[in-house]
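Working notes for the structure below.
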Amino acid sequence: MIFETLDTTGHEQVVFCHNKDAGLKAIIAIHDTTLGPALGGTRMWPYRSEAEALNDVLRLSRGMTYKNAVAGLDIGGGKAVIIGNPATDKSEALFRAFGKFVDSLGGRYITAEDVGIDVNDMEYVFRETEYVTGVHQVHGGSGDPSPFTAYGTLQGLMATLNRAHGDEEVGKYSYAVQGLGHVGMEFVKLLKERGAKIFVTDINQELVDKAVDEYGAEAVGLDDIYDVPADVYSPCALGGTINEQTLPRLKAKVICGAANNQLANNAIGDEVDKRGIVYAPDYAVNAGGVMNVALELDGYNRERAMRMMRTIYHNLARIYEISERDRIPTYKAADRLAEERIGAIGKLKLPMGRTAPHFRGRIRTGH
Ligand code: NAD
């Protein structure tokens with residue numbers, strides 16, 4: 001049964017990790033290591049069933065293969081889930097037990113933070129294995145990725161404006177920014193610096209006030225963000241906000257934001273395309289976070305990180321070329337770019353092979 005599933009999803013390896021004393025029940029999924037060791041965060045969540053946890057880790061790890069490939073990294077796709085409640089079930093023993101399992105894979109899987117996990121948890125994992133990113137800055141970690149994600153989103157925006165309008169003058173256009181958290185607020189700041197008109201919304205009123213006071217944004221209601229006369233809709237909160245209900249309301253001809261899984265489904269992605277809206281594929285435009293942690297493996301350097309964020313412009317431009325070349329919606333073109341890159345690099349048969357790093361700083365990220 002499980003192998004049948006893996007035939008469809010294309011996973012290489014799935015590891016069930018169990019330690020009764022530490023209360024650890026975790027699953028590590030390595031999807032594809034053609035480009036390099038599998039990198040992807042660990043999520044801690046009170047899954048209602050083991051099947052639900054397995055489903056989630058298979059879906060998320062496959063997504064990481066595509067994201068890392070489009071980002072131009074020499075990194076494959078993987079992910080881990082820990083079954084448990086992050087509010088009540090965390091302990092040093094749990095994370096150290098998990099770290100031992102990560103270590104046992106010899107670098108085929110490298111972990112990082114995801115939902116429910118913070119930098120302090122990663123410190124425990126780091127005690128047991130070096131195959132971890134997103135550790136504290138004092139250990140050579142990269143810190144909060146959000147400003148990089150926002151800057152990368154700006155690079156993707158310029159490529160997307162170019163595709164839609166033939167120019168990249170960010171300040172010439174108006175924006176509807178949904179969500180003013182770590183990434184959204186920074187993105188608003190970058191837009192303001194370029195002189196743009198910005199509409200904002202958030203469930204947190206303090207954040208809305210800040211965007212209005214500091215960046216001259218215009219506040220609108222939570223549901224009104226879909227109706228404002230903005231040139232660009234920028235989802236920076238939750239996934240699934242582009243759906244059957246919201247799409248007909250959008251005036252924007254460009255969709256570009258940092259949120260994950262923006263399209264409710266593929267059919268909506270096709271409909272976006274039919275309406276002549278240029279959609280910046282979410283996992284390509286928000287790759288700043290994963291680029292930042294990948295750089296930790298190479299010895300973190302802020303300047304290199306900023307340079308790497310600028311490659312997002314070219315990744316998006318390439319996706320739009322493929323979309324035009326093959327006459328497919330941009331969300332499909334992003335997948336195709338990933339598959340083409342994995343196919344091309346996989347065929348190289350490099351003489352040294354691409355094996356696990358022996359120690360921190362051995363993986364080449366290509367930038
Ligand atoms: P965050 O939690 O700091 O911010 C999200 C914000 O959205 C919060 O301020 C929240 O109040 C607001 N929000 C929630 N529901 C809303 C709604 N219905 N309407 C309006 N606002 C709402 O998260 P973040 O780190 O800024 O990430 C934002 C998005 O970008 C997420 O989807 C995340 O997965 C994605 N992302 C983030 C990074 C990163 O580096 N942080 C990298 C890649 C992708």
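Keep in mind that the numbers below use all heavy atoms, side chains included, and drop hydrogens, waters and symmetry copies. One-based numbering, in listed order, for ligands and for the atoms of each. Only a predicted model underlies this, so the values are computations on that prediction, with no experimental measurement involved.
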TODO: List, by chain and then residue number, the residues other than Val220 in its hydrophobic cluster (Ile/Leu/Val/Met/Phe/Trp/Tyr, side-chain heavy atoms under 4.5 Å); write none if there are no others.
DONE: Phe199, Ile225, Tyr226, Val228, Tyr233, Ile242, Leu247, Leu250, Ile255, Leu263, Ile268, Val272, Ile277, Tyr279, Tyr331

Task: Results of ring pair (Phe, Tyr, Trp, His ring centres under 6.0 Å) for His165 - residues two or more places apart only - done: Tyr173

When you check ligand 1 against the protein, what N or O pairs turn up below 3.5 Å? List the atom names and distances, or just say none.
{"residue": "ligand 1", "atom": "3 (O)", "partner": "His182", "partner atom": "N", "Å": "3.0"}
{"residue": "ligand 1", "atom": "3 (O)", "partner": "His182", "partner atom": "ND1", "Å": "2.6"}
{"residue": "ligand 1", "atom": "9 (O)", "partner": "Asp202", "partner atom": "OD1", "Å": "3.4"}
{"residue": "ligand 1", "atom": "9 (O)", "partner": "Asp202", "partner atom": "OD2", "Å": "2.8"}
{"residue": "ligand 1", "atom": "11 (O)", "partner": "Asp202", "partner atom": "OD1", "Å": "2.6"}
{"residue": "ligand 1", "atom": "26 (O)", "partner": "His182", "partner atom": "N", "Å": "3.1"}
{"residue": "ligand 1", "atom": "26 (O)", "partner": "Val183", "partner atom": "N", "Å": "2.8"}
{"residue": "ligand 1", "atom": "30 (O)", "partner": "Ala258", "partner atom": "O", "Å": "3.2"}
{"residue": "ligand 1", "atom": "32 (O)", "partner": "Ala237", "partner atom": "O", "Å": "2.8"}
{"residue": "ligand 1", "atom": "32 (O)", "partner": "Asn260", "partner atom": "N", "Å": "3.3"}
{"residue": "ligand 1", "atom": "34 (O)", "partner": "Asn260", "partner atom": "ND2", "Å": "2.8"}
{"residue": "ligand 1", "atom": "40 (O)", "partner": "Thr149", "partner atom": "OG1", "Å": "2.6"}
{"residue": "ligand 1", "atom": "41 (N)", "partner": "Ser146", "partner atom": "OG", "Å": "3.3"}

Task: Test item: Thr129 side-chain N/O and Lys100 main-chain N/O as donor-acceptor pair under 3.5 Å - done: no

Task: Other residues, nucleotides, ligands: >12 heavy atoms within 6.0 Å of Gln205 CD - done: yes

Task: Donor-acceptor contact below 3.5 Å, side chain Asp167 vs main chain Glu169 - done: yes

Open item on the list: Under the rule for side chain to side chain donor-acceptor pair (under 3.5 Å), what residues qualify as partners of Arg59, not counting sequence neighbours?
Closed with: Asp56

